[in-house]
Amino acid sequence: MTEEIRDDFYEITAAPLDVGAIARRVVPASCGAIVTLDGFVRQFTRGRETEYLVYEAYEPMALKEMEKLGAAARERFAIECVTIVHRTGRLEIGETSVVIAVAAPHRRAAFEACEWLIKELKSTVPIWKKEVYADGETWIEGAN
Amino acid sequence: MTEEIRDDFYEITAAPLDVGAIARRVVPASCGAIVTLDGFVRQFTRGRETEYLVYEAYEPMALKEMEKLGAAARERFAIECVTIVHRTGRLEIGETSVVIAVAAPHRRAAFEACEWLIKELKSTVPIWKKEVYADGETWIEGAN
Amino acid sequence: MTKVSVLFFGATADEVGDREVDLELPENSRAEDALARIVERFPRLAAHKLLFAVNQEYASGAEIIGDGDELAVFTAVSGG
Amino acid sequence: MTKVSVLFFGATADEVGDREVDLELPENSRAEDALARIVERFPRLAAHKLLFAVNQEYASGAEIIGDGDELAVFTAVSGG
């Protein structure tokens, strides 16, 4: 029995992300665990110091791809609710770029689904990152 | 080289838990990901409806055991920072009982360590849960 | 002729110097032909591994492009 | 005699009807002897699988109990 659940949430926004509020937007009564990935801007990458990042999204397509990932995750894992929010624009060191939160009756499925979702997001959702250094900047091109 | 890091955080409190604030208490510059487990009170367990839970801790020992788990997690996984907070007292449906947050340079280690920590916590940290139903209550005894 | 919009993002927008251009294609062009024509017009794009979308879906290359379709050319994604 | 405190939590506190009791043990008692004596005094504890701690560390049973030690008797943990 596949009951349709309408609580999944996908968003792209230029506003700062409140990880706790995003993760707890939906707390299904049947669940006991929410696993959250908070991806944020690190100061050093490959030994080079980042001043800040700029994220750009192809927004309507990125939202469609996020929804596809959420639907695929429901097929693969025993989870109840998926939330994916990605920020765009200029992000300072330590600021959150992406939040993926998965609620599930049992924590194992929530861990698995959350990890699967971030891996897939990084290879399919049309969002790009520009790293800005003291002496230049570069758009990062993904692996595939 | 094992550099001592002083940012780990272990707490037992009767106050409501703010998951986002707990998870982002420390954001190491060398890290890019925080994985958080938010364990909360589910309404139905084994088909029976819970009215609320009561958690009780042997506080000084529980804190020592949490610290041991954090230290063991650092040995096993390439992580930077561990936070474990457990609530005690009466918890209503949906309220968070435990937060485990792990910051790491790479997300894989953070996922692994977070999942390992909750499993170990559930078998070693001296905290007990009483389930209160409409028609009775029972202290839950763990599996080992 | 088929008239379409082509969108660019990040590195491809920088190479093209624009975020959106109009393009005319022969009737019944396929996605791969459209992409080839875009790279011909903006040869600096050839320095990148390109992905291509038609109407906000990844294109295999065989899709027939219709009037008013939204094409997009971008590098491998790097969000997260 | 060795004087110690024994703490109870959750189910064991309910069985004992108290959260802390004082106990006197023969000199050089081992942890397992202390636990046996506690169960003897509060026989309802025998209905549970019990864990035992000495000075806030899980006890193997062989530990020698000293004056002023803090013992604790509880059921398998169920936090999380």
Side-chain angles (χ1 to χ4, degrees), chain A residues 16-47 49-50 53 80 83 91-119 121-122 129 131, chain B residues 16-47 49-50 53 80 83 91-119 121-122 129 131:
Chain A
L17 304 187
D18 178 339
V19 181
I22 292 167
R24 297 218 110 227
R25 200 189 299 267
V26 179
V27 182
S30 57
C31 290
I34 297 172
V35 171
T36 305
L37 173 81
D38 168 358
F40 56 90
V41 181
R42 83 172 87 196
Q43 191 167 7
F44 294 96
T45 299
R46 297 176 294 278
E49 182 168 3
T50 300
L53 296 186
E80 199 73 12
T83 301
L91 276 75
E92 309 301 327
I93 304 300
E95 286 195 301
T96 296
S97 55
V98 63
V99 178
I100 299 180
V102 179
H106 300 287
R107 66 181 190 275
R108 181 87 261 268
F111 276 108
E112 285 183 335
C114 190
E115 190 166 9
W116 183 83
L117 282 163
I118 182 62
K119 179 172 64 68
L121 178 146
K122 283 171 172 276
K129 173 169 66 177
E131 294 183 350
Chain B
L17 304 187
D18 177 339
V19 181
I22 292 167
R24 299 217 110 226
R25 199 189 301 266
V26 179
V27 181
S30 57
C31 290
I34 297 171
V35 170
T36 306
L37 172 81
D38 168 358
F40 57 90
V41 181
R42 82 172 88 196
Q43 190 166 8
F44 295 96
T45 299
R46 298 175 294 275
E49 183 169 1
T50 300
L53 296 186
E80 199 73 13
T83 302
L91 275 75
E92 309 301 327
I93 303 300
E95 287 194 301
T96 297
S97 54
V98 63
V99 177
I100 299 180
V102 179
H106 300 286
R107 65 181 190 275
R108 180 87 260 270
F111 275 109
E112 285 183 336
C114 190
E115 189 166 11
W116 183 83
L117 282 163
I118 181 64
K119 179 173 66 64
L121 179 146
K122 282 171 172 275
K129 173 170 66 177
E131 295 184 348

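Below, all heavy atoms of this structure are taken into account, side chains as well, without hydrogens, waters or symmetry copies. Per chain, numbering begins at 1; letters A, B, ... match sequence-line order. Just so it is clear, the model here is predicted, and its values are computed rather than measured.
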* Below 4.5 Å from any heavy atom of chain B, which atoms of A/Ala23 appear? Answer side chain, backbone, both or neither. => neither
* Asked: Quick one: what part of A/Ile93 sits under 4.5 Å from any heavy atom of chain B, side chain, backbone, both or neither?
  -> neither
* Nearest heavy atoms of B/Phe40 and A/Pro28, plus distance in Å -> CE1-O, 3.9 Å
Who among [options] has the most heavy-atom pairs with chain A under 4.5 Å?
{"options": "B/Ala29, B/Gly20, B/Ala21", "result": "B/Ala29"}
{"options": "B/Val35, B/Val19, B/Thr36", "result": "B/Thr36"}
{"options": "B/Ala101, B/Gly94, B/Cys31", "result": "B/Cys31"}
{"options": "B/Ala103, B/Gly39, B/Pro105, B/Ala110", "result": "B/Pro105"}

* Asked: Roughly how far, to the nearest 0.5 Å, is the CD1 atom of B/Ile118 from the CZ atom of A/Arg108?
  -> 13.5 Å
* So do A/Glu115 and B/Glu115 actually touch side chain to side chain, heavy atoms under 4.5 Å? -> no
* So what's closer than 4.5 Å to chain A heavy atoms on B/Thr96: side chain, backbone, both or neither? -> both
